[in-house]
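Just so it is clear, the values below take in all heavy atoms, side chains as well, and ignore hydrogens, waters and symmetry mates. Numbers restart at 1 for each chain; the letters A, B, ... are given by sequence-line order, proteins then strands.
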Amino acid sequence: MTDTRRIVTGLLIWTGVVSLLHMKYNLDWSVILNDYRAPENRKVNVAYIPVT
Amino acid sequence: MLLPRKFQGFPEIKEALISGRIQAAFMVAPMAIALRSQGVPIRIVYLGHRYGSAVVVRKDNPARSFRDLKNKTIAIPSRFSDERLILFKVMKEYGMKPADIRMVEMAPADVTGALAAHAIDAFSMGEPHPSQAEMGGFGRVLFQAREHWPDYMSCVLVVRQDLITEHPAIVQVMVDGIARSGLWLDAGRPHREQAADFVGRYYYNQDPKLLLWALTNPLDRVTYTPLTPFKKDFDLVRDLMLESGVLDQSIEFNQYVDPQFAEGAKIKTAWKYEAGDATAQ
């Protein structure tokens, strides 16, 4: 394997790992999935911020 | 039926509510009144809590009264917030003019860091930020909002009119749930300890010790009854908005509040829930 190929492979793996971690920790999948439900099955979105 | 969605600031909630991406929201009362005044199809149906806002200075600040903050910089969460209106109310009491202090809008999450870094002299904000400054050892509560505004309220539950018209039963479930949660929280310290733990871990993503401080130091630092929207409370907010220039024209209570759900609360008992239970009843 050439150095260029090693670097590209490493970058792709790194990008993949970071993307997976981002999807796990930063995305709220319940919200995303809710937006794709049929209107009659969709839950009501209630917004809040962590402050009184 | 309901999906809680965490946001980081009120402006984002406002935009999402206008666009219809969210159907209900907890937001500061003046912002809700201003939006309704501008024709956004929303109504206030219930309160989120009472009290819970404070003006905080750095611990080493010699200020003993609000008058001592003349020519100082104070952070507020929004121009359309009760935390701004309380400053106007107190300035009036002390015979001060609006130009006597500098107000800067800042996202709630940023104010404690700004105070600690000397970027601001004080902040007027809701919990848990006053508690965070106290716990961190760099902040001191100058006064609680309730000391100058006895029936103080801040966040209210706002619902889009189309949800009220098409699904009133869902709105009623929401209001009933908040009413029962309020009764449960005001039943005593053990429930507040439990709430601090699960809300900190599962909803706010904050240290439960911080929420415990805010909910128990003292127990009535934030209260959750009564949450029915009263006309006299909102008239005061509206009048302060007019005086402070964030509302162009007067608006009547029944134009921005829909009291049918507070009046129609079906279950008026606290949740039956203890730590370790799988569900509340």
Side-chain angles (χ1 to χ4, degrees), chain A, chain B residues 1-10 12-14 16-17 20-28 48-54 77 83 107-109 111 125-131 153-155 157-160 163 167 170-171 173-174 199-200 203-206 210-211 214-215 221-222 224:
Chain A
M1 187 183 273
T2 63
D3 286 349
T4 307
R5 184 167 280 199
R6 275 200 196 96
I7 291 167
V8 169
T9 306
L11 282 173
L12 284 173
I13 291 170
W14 173 250
T15 305
V17 169
V18 170
S19 298
L20 284 172
L21 289 172
H22 170 65
M23 286 194 284
K24 178 172 170 53
Y25 292 109
N26 295 333
L27 295 185
D28 189 340
W29 286 98
S30 60
V31 169
I32 293 167
L33 294 174
N34 189 50
D35 288 344
Y36 283 98
R37 286 198 178 104
E40 62 273 19
N41 298 327
R42 206 172 288 161
K43 293 181 179 177
V44 172
N45 291 295
V46 185
Y48 69 98
I49 68 171
V51 65
T52 59
Chain B
M1 184 186 284
L2 304 170
L3 185 63
R5 291 181 64 168
K6 189 166 80 168
F7 283 67
Q8 291 304 325
F10 291 117
E12 294 86 346
I13 290 183
K14 181 190 77 174
L17 199 58
R21 280 199 299 119
I22 57 171
Q23 293 76 46
F26 287 96
M27 64 161 51
V28 273
H49 62 92
R50 282 187 183 269
Y51 316 132
S53 294
E83 285 78 7
V111 292
M125 201 62 65
E127 292 292 350
H129 303 292
S131 294
M153 57 180 184
S154 179
C155 276
L157 177 63
V158 170
V159 178
R160 281 184 60 90
L163 184 66
H167 300 288
I170 292 178
V171 182
V173 166
M174 230 182 325
V199 172
Y203 290 92
Y204 276 24
N205 195 24
Q206 288 173 341
L210 172 62
L211 298 188
L215 288 173
R221 190 168 177 136
V222 191
Y224 295 91

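B:Phe26 places none of its side-chain heavy atoms less than 4.5 Å from the side chain of B:Pro4. The side-chain heavy atoms of A:Ile49 and B:Pro108, taken from C-beta on, include a pair separated by under 4.5 Å.
Closest non-hydrogen pair, B:Ile22 versus A:Ala47, comes out as CD1-CB, 3.4 Å. Residues B:Leu210 and B:Pro128 share a closest heavy-atom pair of CD1-O, 3.6 Å.
The side chain to side chain contact (heavy atoms under 4.5 Å, CB included) search around B:Leu2 returns A:Val44, A:Val46, B:Ile170, B:Met174, not counting sequence neighbours.
Residues from residues 6-17 of chain A never place a non-hydrogen atom less than 4.5 Å from a non-hydrogen atom of chain B.
Only the side chain of B:Leu163 comes within contact range of chain A, with heavy atoms under 4.5 Å apart.
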Return one line per donor-acceptor pair between chain A and chain B under 3.5 Å, naming both atoms and the distance rounded to 0.1 Å.
from: A:Val44; atom 1: N; to: B:Met1; atom 2: O; distance (Å): 2.8
from: A:Val44; atom 1: O; to: B:Leu3; atom 2: N; distance (Å): 2.8
from: A:Asn45; atom 1: N; to: B:Gln23; atom 2: OE1; distance (Å): 2.8
from: A:Asn45; atom 1: O; to: B:Gln23; atom 2: N; distance (Å): 3.2
from: A:Asn45; atom 1: O; to: B:Ala24; atom 2: N; distance (Å): 3.1
from: A:Asn45; atom 1: OD1; to: B:Arg5; atom 2: NH1; distance (Å): 3.4
from: A:Asn45; atom 1: ND2; to: B:Arg21; atom 2: O; distance (Å): 3.3
from: A:Val46; atom 1: N; to: B:Leu3; atom 2: O; distance (Å): 2.9
from: A:Val46; atom 1: O; to: B:Arg5; atom 2: N; distance (Å): 2.8
from: A:Ala47; atom 1: N; to: B:Ala24; atom 2: O; distance (Å): 2.9
from: A:Ala47; atom 1: O; to: B:Phe26; atom 2: N; distance (Å): 2.9
from: A:Tyr48; atom 1: N; to: B:Arg5; atom 2: O; distance (Å): 3.0
from: A:Tyr48; atom 1: O; to: B:Phe7; atom 2: N; distance (Å): 2.8
from: A:Tyr48; atom 1: OH; to: B:Tyr203; atom 2: O; distance (Å): 2.9
from: A:Thr52; atom 1: N; to: B:Glu127; atom 2: O; distance (Å): 2.6
from: A:Thr52; atom 1: OG1; to: B:Gly52; atom 2: O; distance (Å): 3.1
from: A:Thr52; atom 1: OG1; to: B:Glu127; atom 2: N; distance (Å): 2.8
from: A:Thr52; atom 1: OG1; to: B:Glu127; atom 2: O; distance (Å): 3.4

